[in-house]
Amino acid sequence: MFLERKEKDKLHKGSVLVGYDLGEQYSQISYCILGQEDVDTVATVVGTKQYNIPTMLCKRKGVNQWYYGKDAVKNAEEEDMFPLDGLLSLAKKGEQVVLDGETYDPVALLTLFLKRSMTLMNFIATVEKIGAIMFTVDELDDRMVEVLAQVSANLGLKTVHIYFQSHTESFYGFMLHQPPELWHYQTIACEHDGRRLKIYRMECNKRTTPVVVLIEEQIYETLVIPEEMEDEALKQDACRLADERFLDILHRTCDGRIVSSAYLLGDGFRAGWEEQSLQFLCRNRRVFRGNNLFSRGACYGLLEKLEPGEAGARHVFLGKDKLKSNIGMHVMRQGRESYYALLDAGENWYEVEKECEFLLEGEREIAFVITPLTGKNIETKTVALSGGSNSAPYTRYRLLISMSGPETVKVRVSDLGFGEFFPAGGKVWEETFHV
């Protein structure tokens, strides 16, 4: 017999959803209203399209006075100031930060920056009234997930709807809400911060149901754009060389493929050096330039989690953070055998978790059915429950299943006994298996 537990409360229409792009150099905040499709990005200067918030703090010497973002950059040169950048890297390393003779927790400093920057949302909604938030970062690993979880817990948010995703998934979320002709074939996004070029190439396998979406990433560290050069001729030569390198990369990326659209992202493209490359990109494809794709994609990702659209229902994104198989159990419900889904393929490994209760009669093991998205090579993983309430005709158990990595499943089963005649023995079984 299977005993289902209640799901979390759903948000009401009109709730404010926030997509926060947390970057090493700059951060951005986009938002939307649940029930509406429009996504806007918060400007640091009202009436402009200045979206970048420098991910930086600055402390005044001898007092507990802190500045963030553009104010931190402006005050950094003053003699009585202690500037601090690289907040994301410092939080990931986890080492204590010494500033103005004091020792600080790097995660607490990152939280301070987030709290200050979130005040930019006050004209839309205070932090306490935000219905859901999605943090997006360049790369997600175990440590980054841990840092974001700590920061989220310290922000004072009143919602349980707090999520994380990589820039890769935010790119997918953004494209999912664009006109179909822009991603009918393949699409690319080229992100350049002036020092590093990262290219995302998205393609859809329309031979599968649902359509499987894959995104390939390539990083090029050598494509550097000169910021300031006194000699104009040397600067032009450097830009021409960068343009030639970028053009070569684009040829290799697009060779033998039909690319419907391309996006140029980041401050690295502001100088307009990519003349030949832009001419190549504009042949038979739509090209867009901007720098708020990831924060907007984070908002669209929230919409898909809370109110999945038709395009989202027809597609599944399989990134490196995704569970590649469906995991469930065969159970008896209302006298009939049925399949109960526990973890769904296409979900981020760090977000999936299921808790339920069930009864066992006689047998003392549970079997998990592992079904890859292809539907082939179905496996069964069995967890033995030995040493529990063996004298009871039935035993009630609580199951908690989650993941500790994209291929590692964690199972925790607790013995709840069966009524007052067969009290719980307190036995707990914990196992992991790979999928």
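- Considering only heavy atoms from C-beta on, V287 stays 4.5 Å or farther from S261 through its side chain.
- At least one side-chain heavy atom of P83 sits less than 4.5 Å from a side-chain heavy atom of M56.
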Could you go through S325 and T371, starting from their C-alpha distance and side-chain angles, then the distance that decides it, and tell me whether this counts as side chain to side chain donor-acceptor pair (under 3.5 Å)?
CA-CA 5 Å; S325 301; T371 308; over 6 Å; no
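- Counting only N and O atoms by type, the side chains of D21 and S295 include no donor and acceptor under 3.5 Å apart.
- Side chain to side chain, Q186 and R285 fail the donor-acceptor criterion of an N or O pair below 3.5 Å.
- Rounded to the nearest 0.5 angstrom, D415 CG and L385 CG are separated by 8.5 Å.
- Across all their heavy atoms, A298 and Y20 have their closest contact at CB-N, 4.4 Å.
- For E355 and R398, the salt-bridge test passes: some basic side-chain N is under 4.0 Å from an acidic carboxylate O.
- Judged by distance alone, the side chains of T55 and S27 do bring a donor and an acceptor atom under 3.5 Å apart.
- Checking E217 against T168 by side-chain atom types alone, a donor-acceptor pair falls below 3.5 Å.
- T408 places no side-chain N or O within donor-acceptor distance of the main-chain N or O of G405, the cut-off being under 3.5 Å.
- For the residue pair C204 and H315, the shortest heavy atom distance occurs at SG-CD2, 4.4 Å.
- Defined by atom type and a distance below 3.5 Å, a donor-acceptor pair is missing between the side-chain atoms of E24 and Y26.
- Contact of the L342 side chain with the M329 side chain is registered, since non-hydrogen atoms from C-beta on lie closer than 4.5 Å.
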Test side-chain contact (heavy atoms from CB on, under 4.5 Å) applied to E191 and F294, step by step
CA-CA 10 Å; E191 180 191 15; F294 296 123; 3.7 Å; yes
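- No hydrogens or angles considered: nothing links the side chains of R116 and Y67 as a donor-acceptor pair under 3.5 Å.
- The aromatic rings of Y300 and H177 sit parallel to each other, their planes meeting at less than 30°, with 60° as the upper class boundary.
- The two residues T208 and P210 come nearest to each other via the heavy atoms OG1-O, 2.9 Å.
- Taking the six-membered ring for Trp and thresholds of 30 and 60 degrees, Y339 and H330 have ring planes more than 60 degrees apart, a perpendicular arrangement.
- For the pair C299 and V18, the tightest heavy-atom approach, listed with the atom from each and the gap, is SG-C, 4.0 Å.
- When every heavy atom of M144 is checked against every heavy atom of L140, the shortest pair comes out as CG-CD2, 3.9 Å.
- By the 4.5 Å heavy-atom criterion applied to side chains, L84 and K59 are not counted as neighbours.
- S260 and T187 are not linked by any side-chain donor-acceptor pair at a separation below 3.5 angstrom, with hydrogens and angles left out of the test.
- By the 30° and 60° cut-offs, the orientation of the rings of Y163 relative to H161 is tilted.
- Residues K13 and Q36 bring no donor and acceptor atom of their side chains to less than 3.5 Å of each other.
- In this structure, Y340 has its ring center at least 6.0 angstrom away from the ring center of F358.
- Of the N and O atoms on the side chains of S170 and Q165, at least one donor lies less than 3.5 Å from an acceptor on the other residue.
- At distances below 3.5 Å, at least one donor-acceptor pair connects side-chain atoms of Q178 with backbone N or O atoms of F174.
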